[in-house]
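Below is one structure, written out as structure tokens; the observations come after it.
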Amino acid sequence: MEIKSISQRIFRTSSPKTEQNSCQTNPFGVNFKGNMITADVFDKPEKSTISFGQKAQEILTRKMTMSAVLAPMSQSISRRLNSIMSFGRRLGENTAEAWRSANKIEIPFHQMANLMQNLSDGRTYSVSNLKNIDTGELENMLTAAIA
Amino acid sequence: MNKNKKLNNIIEALSQHESGAAVEVLERVGTNCTDDEVRRLTARALVNRNTQDSLSVVILKNGKGINDLSTNVAMGTINELLALKDKSEALKVLENVQDSDCDEAIKETARSVKALMAFS
């Protein structure tokens with residue numbers, strides 16, 4: 001027995017393994033769960049090799065995927081539409097309520113008459129308007145205003 | 001529109017009126033009014049008109065304008081005269097007072113106002 005083997009036995013040291021790197025020539029080699037995936041895995045099978053059943057299966061899978069994607073989208077769109085419609089409905093109700101409230105407001109006749117009188121006086125007794133009136137009429141107006 | 005605003009606008013319109021008859025209206029109605037405020041407004045309007053006729057009313061006439069019995073009206077008129085940008089017409093009227101045969105009190109007041117205008 002050699003000295004080297006004796007020391008290995010005593011210290012339970014593993015013998016150095018010679019690692020074989022199978023993908024040394026493949027730069028795209030990927031390690032997946034301990035198995036080395038080589039570029040061959042990604043190769044598409046030849047079209048001619050796909051049978052009719054496989055094609056139908058593929059179409060079915062695609063349809064199911066698309067429906068799975070579209071269903072939540074349609075739901076979110078319908079939810080948004082509903083919120084917009086409810087907002088419009090509320091707006092309409094508020095407008096109608098405001099209109100009803102406006103119709104209930106009553107302005108007393110004497111207040112309206114005073115308002116109209118003030119507006120009329122504002123125009124009649126403006127300096128620019130009075131300047132164009134005859135002095136005789138202005139004298140009457142002044143006398144009336146003083147009295 | 002309230003009464004004071006109406007009065008103010010009518011008197012202001014008469015002050016700016018093109019017709020010379022406006023001065024007569026102001027003299028006849030405004031300066032003879034018992035209300036001090038109306039007389040003060042009228043005197044101011046006559047001064048702002050700045051013509052020989054209108055200034056003669058507030059300077060020469062007894063009991064009107066600067067000769068008003070109310071100190072408030074008299075002092076208000078003097079202030080308006082001093083505030084005039086073009087004082088040439090007012091100075092002419094004040095000089096004419098000295099040559100006229102009006103009351104000595106009016107001449108005295110006119111002399112004082114003329115002196116104030118010279119300083120202003």
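Just so it is clear, the structure is predicted and the values come from calculations on it, not from any experiment. Quick note on labels: first sequence line is chain A, next is B, and so on, each numbered from 1. Computed from heavy atoms alone, side chains included, the values below leave out hydrogens, waters and symmetry copies.
Contact residues of residues 91-101 of chain A toward chain B are absent (heavy-atom distance under 4.5 Å). Inspection of non-hydrogen atoms places A/Leu138, A/Glu139, A/Met141, A/Leu142, A/Thr143, A/Ala145, A/Ile146, A/Ala147 of residues 136-147 of chain A under 4.5 Å from chain B. Among residues 77-87 of chain A, no residue has any heavy atom closer than 4.5 Å to a heavy atom of chain B.
B/His17 places a side-chain N or O within 3.5 Å of a backbone atom of A/Ile133 that can act as its donor or acceptor partner.
Between chain A and the options B/Asp35, B/Ile10, B/Thr34, heavy-atom pairs under 4.5 Å are most frequent for B/Ile10.
With rounding to the nearest 0.5 angstrom, the CG atom of B/Asn2 is 12.0 Å from the OH atom of A/Tyr125. Remark: A/Lys131 NZ to B/Ser15 OG distance equals 10.0 Å, nearest 0.5 Å. Rounded to the nearest 0.5 Å, atoms CD (B/Gln16) and OG (A/Ser128) are 9.0 Å apart. Note: A/Ser126 OG to B/Glu12 CD = 12.0 Å, rounded to the nearest 0.5 Å.
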Under 3.5 Å, sequence neighbours excluded: what are the donor-acceptor pairs made by side chains of residues 110-117 of chain B?
residue	atom	partner	partner atom	Å
B/Arg111	NH1	B/Glu108	OE1	2.8
B/Arg111	NH2	B/Gln98	OE1	3.4
B/Ser112	OG	B/Glu108	O	3.0

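In this structure, B/Val73 is not a member of the same hydrophobic cluster as B/Leu46, with clusters built from ILVMFWY side-chain heavy atoms closer than 4.5 Å. Under the 4.5 Å side-chain contact rule for hydrophobic residues, B/Leu84 and B/Leu41 share a cluster. By the criterion of side-chain heavy atoms lying less than 4.5 angstrom apart, applied directly or through intervening Ile, Leu, Val, Met, Phe, Trp or Tyr residues, B/Ile106 is grouped together with B/Met75 in one hydrophobic cluster. Put simply, B/Leu82 and B/Val57 are part of the same group of oily side chains (I, L, V, M, F, W, Y) that touch within less than 4.5 Å, one to the next.
Heavy-atom minimum distance, A/Leu130 versus B/Ala13: CB-CB, 3.3 Å.
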